[in-house]
Amino acid sequence: MTTNETPSQGNFIKQIINEHNRTGRYAGRVHTRFPPEPNGYLHIGHAKSICLNFGLAEEYGGKCNLRFDDTNPTKEEVEYVDSIKEDIRWLGFDWEDREFYASDYFETLYEYALKLIRDGNAFVCELTAEQIREYRGTLTESGRNSPWRDRPVEENLALFARMRDGEFPDGSHTLRAKIDMAAANLNMRDPVMYRILRAHHHRTGDRWCIYPTYDWAHGQSDSIEGITHSICTLEFEDHRPLYDWFVEKLGIHHPRQIEFARLNITYTVMSKRKLLKLVQDRIVDGWDDPRMPTISGLRRRGYTPEALRDFSDRVGVAKKESTIDVALLEHCVRLDLNAHASRVMAVLDPLKVVLTNYPEDRVEELEAINNPEDPAAGMRMVPFSRELFIEREDFMEDPPKKFFRLAPGREVRLRYGYIIKCEDVVKDKDGNILELHCSYDPGTKSGMPEANRKVKGTLHWVSAPHAVDAEVRLYEQLFAKENPDDVEAGQDFLVHLNPDSLRITRAKVEPSLAHASPATHYQFERKGYFTVDSKYGRPGSPVFNRTVTLRDTWAKINK
RNA sequence: UGGGGCGUAGCCAAGCGGUAAGGCAUCGGCCUUUGGAGCCGACAUGCGCAGGUUCGAAUCCUGCCGCCCCAGCCA
């Protein structure tokens, strides 16, 4: 789809691309890239960028590269590059053979720097970091030229070579672009291009002791790869004149940078720095903790690639800084899981029910539908017997008017089973409810004519002797505040941590779940979507993560 | 009080001079052996504010106001 017909369709990025295609700026070519720094795990904000970049390439019949912006060896690790690749693949995107690294271009970048020096557009500076800051000036006052700014070309060349050769200590010299210390845009005040840094790089090892800054490496990396549209976030908007300056001075391919607003979501934090702190302080169980907004965390939580891609489409692309309601994300998983997850019965907080008129040793196998949204999902058999577990919250001794569930003397339907009536409540001496004695109506088994009788509620249940014990992890938002960064002076986002973000329960689940395999999605009827944890749990003793609850109108009525 | 951006509903977001799409949320109703799902309906006389141009302005002009980003040898 190389839309020439409808140039004003779609988001502003597509409009720019359409205009380029109309005027032939890149000969109709669309080549994007996703450029992560391997210094942390990818989060859902990156997912938006991945979907955008790969999506645009696909839509316009172009390509999208994966390029690691690995210009700072002190923060980057292979663990991160591996996780990033896994996450992108899992999301469903393929960079084919186009896996690149900014470090692949270190030699080319060095040559480019030589050209700038020769043309009088860069110089070796001996100011310290602190002095550079002083010389830079302020937002309202222009800066001053470095005393080293007007060195002869030959001297710059010699010095730069010696920087590379390791003749100077870390931090003693830099290579700077010679632009304009009076520029209103601080990025143009002779920015640093190279710093001396003796650090082991995950790919180039100890070959280099000078490393290009991001500002120097990024635009040229895009240019080298023939990128047409360099999509990035808003904070790089004022860097664009600098990137433009570099490629113009170098006379190389000139990509068009387009900036969009990064994704924010309510009740969570998205900066890598903060996510790293949660991990390092052991507030969460690693980068893939199911409460983390990381792709690996969402995966473990039970989110699907389809849901995340759908979400990315729905949040839109614009330049307005925005915070998406987490309800939209939850809506997207529910949509996907509703269509694809098998229904099963699991009792999270068990209360025993004895059917006093049901034969002691009788066991029936009842037919249950796996997914009413998908007939192809078929049926399964669920055992039924005299002793069952139901959800404790599905019984109330003194129910309010709108309560449709079980109460003394009231009838309720057991899903796929019989209609039962509560005859007696058994309590201990402190008044705690131990179990319920109920009668069942033999003529109301699912499928029988009398089963059509109207009853207010239908409960899920598990046969006690057949029940499998399982650990179930109930998650809520990691933060209790819509905007965790909204803190008083002197506090940080951690003050808003939600103390109830994880609750672990021992549940009784139907026997078909005993050997559920990791990462399988289920709907626990009436409770929510749950996914078999891929880190904990063993065959026969599964651990389930609650992905999201079902929409609950009863809970709303109660508020 | 420098420079760069951004203001359309509770949250996102279309709209590009011809009379405010869509989604989420919310609120009603229908349906239902999941209080799920689905279906139907409601939800901006209004587009940050004030002027101006025009037969006609969210769209064009002027002036204000508000919010975000930039003074790393981080990305």
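Values below: every heavy atom of this structure, side chains too, minus hydrogens, waters and symmetry copies. Sequence lines set the chain letters: A, B, ... in the order given, protein chains first and strands last, and positions in each chain run from 1. Everything quoted here is computed from the prediction, not taken from an experiment.
With a 4.5 Å cut-off on side-chain heavy atoms, A:Gln220 and A:Tyr105 do not count as touching. The side-chain heavy atoms of A:Phe123 and A:Met193, taken from C-beta on, include no pair separated by under 4.5 Å. Side-chain contact between A:Lys456 and A:Arg405 is absent, with no heavy atoms from C-beta onward closer than 4.5 Å. Side-chain contact between A:Lys445 and A:Phe384 is absent, with no heavy-atom pair separated by less than 4.5 Å. By the 4.5 Å heavy-atom criterion applied to side chains, A:Cys332 and A:Arg314 are counted as neighbours.
The glycosidic torsion of B:rG28 lies more than 90° away from 0, which places this base in the anti conformation.
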Anything under 3.5 Å between a donor and an acceptor, one on a side chain of residues 320-329 of chain A, the other on a protein residue two or more places apart or in another chain? List them.
residue	atom	partner	partner atom	Å
A:Asp325	OD1	A:Ala327	N	2.9

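The salt bridge (charged side-chain N to carboxylate O under 4.0 Å, His left out) contacts involving residues 124-140 of chain A comprise A:Glu126-A:Arg151, where partners must be two or more places apart or lie in separate chains. Evaluation of the salt bridge (charged side-chain N to carboxylate O under 4.0 Å, His left out) test over residues 260-272 of chain A, restricted to residues two or more places apart or in two chains, returns A:Glu235-A:Arg262. Sorted by first then second residue, the salt bridge (charged side-chain N to carboxylate O under 4.0 Å, His left out) pairs that include residues 39-49 of chain A, not counting sequence neighbours, number zero.
Comparing B:rU1 with B:rA58, their P atoms are spaced 30 Å from each other, to the whole Å. Comparing the C1' positions of B:rA14 and B:rA9 gives a spacing of 14 Å, expressed to the nearest Å. Going from the C1' atom of B:rC43 to that of B:rC11 covers 14 Å, rounded to whole Å.
Pairing partner, B:rG66: B:rC6, with both Watson-Crick or wobble hydrogen-bond distances short of 3.5 Å. Using Watson-Crick or G-U wobble geometry with both donor-acceptor distances under 3.5 Å, B:rG46 finds no partner in any strand shown. The partner of B:rC27 is B:rG41, by the rule that a Watson-Crick or G-U pair needs both atom distances under 3.5 Å. In this entry B:rG17 has no Watson-Crick or G-U wobble partner, no candidate having both defining distances under 3.5 Å. Under the Watson-Crick and G-U wobble criteria, each requiring two contacts below 3.5 Å, nucleotide B:rA71 is left unpaired. Using the Watson-Crick or G-U wobble rule with both distances under 3.5 Å, B:rU1 pairs with nothing in any strand shown.
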Measure all distances between protein nitrogen or oxygen atoms and nitrogen or oxygen atoms of nucleotides 26-30 of chain B, and list the pairs falling under 3.5 Å.
residue	atom	partner	partner atom	Å
B:rU26	OP1	A:Lys556	NZ	3.2

Sort me out a list of protein N/O and nucleotides 64-67 of chain B N/O pairs below 3.5 Å, or just none if empty.
none

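Applying the side-chain hydrogen bond (donor to acceptor under 3.5 Å, both in side chains) criterion to A:Ser103, with sequence neighbours excluded, gives A:Asp70. Take A:Arg256 and apply the side-chain hydrogen bond (donor to acceptor under 3.5 Å, both in side chains) test, not counting sequence neighbours, and it matches no residue. Qualifying side chain to side chain contact (heavy atoms under 4.5 Å, CB included) partners for A:Arg162, counting only residues two or more places apart in sequence or in other chains: A:Leu159, A:Glu167, A:Phe168.
OP1 or OP2 of B:rG36 has at least one side-chain nitrogen or oxygen of A:Thr553 nearer than 4.0 Å. Contact annotation: A:His331 reaches the phosphate of B:rC24 (side-chain N/O to OP1 or OP2, under 4.0 Å). Listed pair A:Arg526 / B:rG35 meets the phosphate criterion, a side-chain N or O lying under 4.0 Å from OP1 or OP2. OP1 or OP2 of B:rG15 has at least one side-chain nitrogen or oxygen of A:Gln15 nearer than 4.0 Å. For A:Arg144 and B:rA71, the shortest distance from a side-chain N or O to OP1 or OP2 is not below 4.0 Å.
Note on A:Thr174: a base of the nucleic acid sits closer than 4.0 angstrom, heavy atoms only. Here A:Phe524 lies out of heavy-atom contact (under 4.0 Å) with every strand. Residue contacts for A:Leu197: at a heavy-atom cut-off of 4.0 Å it reaches no nucleic acid atom on any strand shown. Nucleic acid contact class of A:Thr266 (heavy atoms, under 4.0 Å, all strands): none. Backbone-only contact: A:Arg136 has heavy atoms under 4.0 Å from sugar-phosphate atoms and none from a base. Across all strands shown, A:Glu37 has heavy atoms under 4.0 Å from sugar-phosphate atoms exclusively, and none from any base.
Put simply, the residue from A:Tyr214, A:Phe160, A:Tyr211, A:Trp208 that forms a ring-ring contact (aromatic ring centres under 6.0 Å, His included) with A:Tyr194 is A:Phe160.
Against RNA chain B, the stretch residues 312-320 of chain A makes heavy-atom approaches under 4.0 Å through A:Arg314, A:Val315, A:Val317, A:Ala318, A:Lys319, A:Lys320. Contacts between residues 182-195 of chain A and RNA chain B, defined by a heavy-atom separation under 4.0 Å, are made by A:Ala184, A:Leu186, A:Val192, A:Arg195. Scanning residues 238-245 of chain A for heavy-atom distances under 4.0 Å to RNA chain B yields A:Asp238, A:His239.
A straight line from CD of A:Glu525 to P of B:rG36 spans 13 Å, rounded to a whole angstrom. Separating the CG atom of A:Leu406 from the P atom of B:rG35 is a distance of 14 Å, rounded to the nearest angstrom. The separation between A:Asp215 atom CG and B:rA71 atom P is 11 Å, rounded to whole Å.
Geometrically, A:Arg546 does not engage A:Tyr529 in a cation-pi contact defined by less than 6.0 Å to the ring centre and at most 45° from the axis.
For A:Arg195 and A:Asp170, the salt-bridge test fails: no basic side-chain N is under 4.0 Å from an acidic carboxylate O. Ion pair A:Arg67/A:Asp222 flagged as a salt bridge, since at least one NZ, NE, NH1 or NH2 atom sits closer than 4.0 Å to an Asp/Glu carboxylate oxygen.
A distance-only check finds a donor-acceptor pair linking the side chain of A:Asn156 to the backbone of A:Val124 [under 3.5 Å].
No more than 12 heavy atoms of other residues, nucleotides or ligands sit less than 6.0 Å from atom NZ of A:Lys421.
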